[in-house]
Amino acid sequence: MASNRLPNYLRGHRNRLGLSQTEVALLLGAESGAKTCRYENFNRIPTLETALACEVIFKKPVSELFAGLYQQVGRKVRLRAARELKRRKATGQEMTKAMRSLMELAEATDKQSPT
Amino acid sequence: MRLLSVSPATKGFGFVVLEQQDHVVTRGFRTVRGEKNVTCVQEVGKMLKLYLPDLVVLEHTSASGSRRNARIQQLTAQLVAECRSKKVRVKLLSRSRVRQHFFGDLTGDKHTMATMLADRFPDDFGDMVPPKRKLWENEDVRFSVFEAMALAVTAVAQK
């Protein structure tokens with residue numbers, strides 16, 4: 001089986017704070033703990049607002065709470081950066097600030113969020 | 001690496017998911033009723049699907065000197081079969097091996113081991129240590145969670 005990061009680590013952080021799923025749901029503005037349960041079982045990806053609310057509640061950055069998702073998104077961004085860089089180089093474009101940024105993105109390694 | 005350790009008990013099983021050797025992803029106790037072994041295997045199957053562990057750690061309940069009853073021994077065999085059917089590596093550790101890791105000389109009770117784990121992982125286990133058991137009391141289910149954590153910690157130390 002793969003040992004990539006899990007989509008999120010909400011359950012562990014919730015346990016550490018001694019909060020129930022219902023209590024977290026209340027803090028997120030939801031009516032029942034079912035919403036929290038869906039996130040913890042990786043059945044739903046939260047909205048940006050909910051993810052930021054999780055950062056407030058658990059005092060951990062979103063990239064750490066949703067480490068697996070962050071990893072996935074990071075790979076896609078780097079791939080797009082590499083493709084765009086290749087395209088610009090193929091058209092003979094000069095090295096601009098934008099191209100240097102793309103190069104940095106494309107060359108970045110799969111950063112593991114600290115836990 | 002991510003590992004799942006399971007410690008069967010009378011009313012269910014304690015479990016811990018550990019990542020990168022010292023990060024507790026989740027821990028808890030699952031209560032099962034009715035066909036206990038069947039339900040335990042189903043619940044562990046769900047955890048395998050959810051957490052995608054690289055390794056499952058179980059107690060070697062049929063090791064020499066083990067005093068686990070027939071149902072638990074059968075459950076362990078069923079869990080091993082379930083893991084193998086899902087192509088997940090399994091590690092079996094005897095109770096004496098775990099005790100040796102924590103106590104060196106094999107003496108030491110569950111409460112002491114739980115206290116040691118709570119000291120080492122205060123955020124995850126700090127307020128979980130049950131009170132010391134009196135002779136006439138049943139064992140607190142939380143000890144199964146500590147047993148699962150002890151298995152995980154021992155397995156990591158052996159790598």
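Side-chain atoms are counted along with the backbone in the values below, which use heavy atoms only and exclude waters and symmetry mates.
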The interface call for B:R27 against chain A, heavy-atom contacts under 4.5 Å, is both
Sequence neighbours excluded, every pair satisfying side chain to side chain donor-acceptor pair (under 3.5 Å) that has a member inside residues 120-136 of chain B: A:R16-B:D124, B:D109-B:K132
Between B:F121 and B:F125, how do the two ring planes meet: parallel, tilted or perpendicular, split at 30° and 60°? perpendicular
Side chains of B:R2 and A:N4: do they bring a donor and an acceptor to under 3.5 Å? no
Qualifying residues under side chain to side chain contact (heavy atoms under 4.5 Å, CB included), relative to B:S85, sequence neighbours excluded: B:E82
Under a single-linkage definition using a 4.5 Å side-chain heavy-atom cutoff for Ile, Leu, Val, Met, Phe, Trp and Tyr, are B:V32 and B:L4 assigned to the same hydrophobic cluster? no
Greatest number of non-hydrogen atom pairs under 4.5 angstrom with chain A, of B:V25, B:D22, B:T26, falls to B:V25
Hey, can you pull the donor-acceptor pairs under 3.5 Å for the side chains in residues 98-108 of chain A, sequence neighbours left out?
{"unit_1": "A:S101", "atom_1": "OG", "unit_2": "A:K97", "atom_2": "O", "d": "3.1"}

Plane angle bin for B:H111 and B:F143 - parallel if under 30°, tilted between 30 and 60°, otherwise perpendicular: perpendicular
Which of residues 24-45 of chain A have a heavy atom under 4.5 Å from any heavy atom of chain B? A:N41, A:F42
